[in-house]
Amino acid sequence: MLKSLFSRKTNPAEALYGAIVAAARQPGFYRDWAVPDTVDGRFEMIVLHMYLVLDRLKPEPEPLRQALTDLFFTDMDRSLREMGVGDLGVGKKVRKMAEAFFGRIAAYAGSNDVESLTDSLARNAYAGNAGGHEASARMLALWTFNAKQKLQSQNAENIVNGRISFA
């Protein structure tokens, strides 16, 4: 009885967001495909995984996608504060992150072939400096298309509960 009084129920969006962050931190992105292992590079990988999940969840109720997006921004706010950004600077930085987030979501959604997605990823994940990493950007684009297909084949209930598998 005490266990049920003090146990915390997990919000499905929290479980899903945790799975997205864990997937975005996979070492292969940074080691094998030369995504910069920096705050910006990790932001880019989280945004890419958020795009994939939000795209997959389009047929699902809007409140879940909104809750997931809200968690993302709450996490970004918390991360900035942990890095020492002051209260006055957090709002400006989160606003810039929001512009970047929604811009990337639109760019990735509008990339209907490997070449256009490679260009978008080179501009974003490699901070416009994919020089020498064109092959890596292309591999990341191919991975993204494969992940998108794999997500389409997965049960929405499993995804919502954080049981998700990318490519």
Side-chain angles (χ1 to χ4, degrees), residues 11 13-57 65-151 159 162-167:
N11 174 343
E14 288 176 1
L16 180 53
Y17 184 70
I20 288 168
V21 171
R25 290 185 175 165
Q26 292 300 307
F29 295 118
Y30 311 97
R31 180 190 61 229
D32 301 336
W33 295 335
V35 172
D37 194 2
T38 61
V39 171
D40 290 339
R42 288 177 180 254
F43 171 82
E44 295 298 339
M45 289 298 92
I46 293 171
V47 170
L48 180 61
H49 284 78
M50 285 285 293
Y51 156 70
L52 288 166
V53 171
L54 292 171
D55 182 70
R56 169 58 181 88
L57 294 177
R65 293 191 313 277
Q66 185 61 54
L68 189 58
T69 303
D70 292 346
L71 277 171
F72 170 78
F73 286 109
T74 298
D75 186 38
M76 294 302 109
D77 182 281
R78 180 194 51 77
S79 295
L80 288 169
R81 292 175 192 281
E82 284 178 1
M83 290 187 300
V85 176
D87 288 341
L88 295 176
V90 169
K92 290 178 185 175
K93 289 195 179 280
V94 169
R95 193 168 17 265
K96 285 181 91 170
M97 288 176 146
E99 290 172 8
F101 175 82
F102 290 112
R104 282 153 178 75
I105 297 293
Y108 299 153
S111 297
N112 296 320
D113 57 49
V114 173
E115 288 73 27
S116 63
L117 185 56
T118 298
D119 291 344
S120 292
L121 290 168
R123 207 172 33 256
N124 297 314
Y126 298 94
N129 188 18
H133 299 296
E134 291 87 0
S136 295
R138 183 171 178 77
M139 292 301 296
L140 186 56
L142 289 169
W143 176 89
T144 301
F145 276 106
N146 287 336
K148 193 172 180 177
Q149 287 179 335
K150 186 168 186 176
L151 286 169
I159 292 172
R163 294 185 304 271
I164 187 169
S165 177
F166 293 91

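These numbers come from the heavy atoms of this one structure, side chains and all, not from hydrogens, waters or symmetry mates.
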S.K.: Taking the side chain as every heavy atom from C-beta outward, state whether His49 and Ile46 have any atom pair closer than 4.5 Å.
M.R.: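 Result no, sub-4.5 Å side-chain heavy-atom pair not found.
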S.K.: Glu99: what forms a salt bridge (Lys or Arg N to Asp or Glu O under 4.0 Å) with it, not counting sequence neighbours?
M.R.: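 Not a single residue meets the salt bridge (Lys or Arg N to Asp or Glu O under 4.0 Å) criterion with Glu99.
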S.K.: For the atom pair CG (Asp75) and CD (Glu14), what is the distance rounded to the nearest 0.5 Å?
M.R.: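 Result: 11.0 Å between the selected atoms.
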S.K.: CZ of Arg104 to CE of Met50: how many Å apart, nearest 0.5 Å?
M.R.: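 It comes to 14.0 Å.
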S.K.: Between Asp77 and Arg81, does any side-chain N to carboxylate O distance fall below 4.0 Å?
M.R.: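 Looking at Arg81 together with Asp77, the answer is yes, because their closest N to O distance falls below 4.0 Å.
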S.K.: Indicate the atoms forming the closest heavy-atom contact of Val90 with Leu80, along with that distance.
M.R.: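 Here Val90 and Leu80 meet closest at O-CD1, 4.3 Å.
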S.K.: If you round to the nearest 0.5 Å, how far is CG of Asp55 from OH of Tyr108?
M.R.: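 One gets 13.5 Å once the value is rounded to the nearest 0.5 Å.
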S.K.: How close do Arg65 and Leu54 get, counting heavy atoms only, and between which atoms?
M.R.: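 Minimum heavy-atom separation between Arg65 and Leu54: CD-O, 3.7 Å.
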S.K.: Quick one: pull up CD in Glu44 and CZ in Arg123 and give me the separation to the nearest 0.5 Å.
M.R.: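 Rounded to the nearest 0.5 Å, the CD-CZ separation comes to 11.0 Å.
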S.K.: Answer yes or no: is there a side-chain heavy-atom contact under 4.5 Å between Gln66 and Asp70?
M.R.: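 Yes - at least one pair of side-chain heavy atoms lies under 4.5 Å apart.
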S.K.: Work out which heavy atom in Ile164 is nearest to a heavy atom in Ala19; give both atom names and the distance.
M.R.: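 For Ile164 and Ala19, the tightest heavy-atom pair comes out as CG2-CB, 3.6 Å.
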S.K.: Side chains of Phe43 and Asn124: closer than 4.5 Å at any heavy-atom pair?
M.R.: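 No, their side chains stay 4.5 Å or more apart.
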S.K.: Tell me, do Phe101 and Ile105 make a side-chain contact under 4.5 Å, heavy atoms counted?
M.R.: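 The answer is yes; the side chains approach within 4.5 Å.
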S.K.: Can you name the closest pair of heavy atoms from Ser111 and Phe145 and give their distance?
M.R.: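 Minimum heavy-atom contact is O-CZ, 3.7 Å.
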S.K.: Between Val53 and Phe166, is the side-chain contact (heavy atoms from CB on, under 4.5 Å) condition met? List the steps.
M.R.: CA-CA 9 Å; Val53 171; Phe166 293 91; 3.8 Å; yes
S.K.: Write down the atom of Ser136, the atom of Tyr126, and the distance for their closest heavy-atom approach.
M.R.: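 The pair with the smallest heavy-atom distance is CB-OH, 3.3 Å.
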S.K.: Does NZ or CZ of Arg42 fall inside the cone over Tyr30's six-membered ring, less than 6.0 Å from its centre and within 45° of the axis?
M.R.: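 So Arg42 does make the cation-pi contact.
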S.K.: So, taking the atom named CG in Leu117 and the one named CG in Leu48, what distance separates them when rounded to the nearest 0.5 Å?
M.R.: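 Going from the CG atom of Leu117 to the CG atom of Leu48 covers 7.5 Å.
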S.K.: Over all heavy atoms of both residues, which pair between Ala125 and Pro36 is shortest? Give the atoms and the distance, please.
M.R.: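 Looking at all heavy atoms of both residues, the closest pair is O-CD, 3.3 Å.
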S.K.: Please say whether more than 12 non-hydrogen atoms of neighbouring residues, nucleotides or ligands are located less than 6.0 Å from CZ in Arg25.
M.R.: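 Atom CZ in Arg25 is not crowded, with 12 or fewer foreign heavy atoms closer than 6.0 Å.
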S.K.: For the residue pair Trp143 and Phe29, categorise the inter-ring angle as parallel (less than 30°), tilted (30 to 60°) or perpendicular (more than 60°).
M.R.: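 The rings of Trp143 and Phe29 stand perpendicular, inter-plane angle above 60°.
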S.K.: CG of Asp40 to CE of Met45: how many Å apart, nearest 0.5 Å?
M.R.: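 Answer rounded to 0.5 Å: 11.5 Å.
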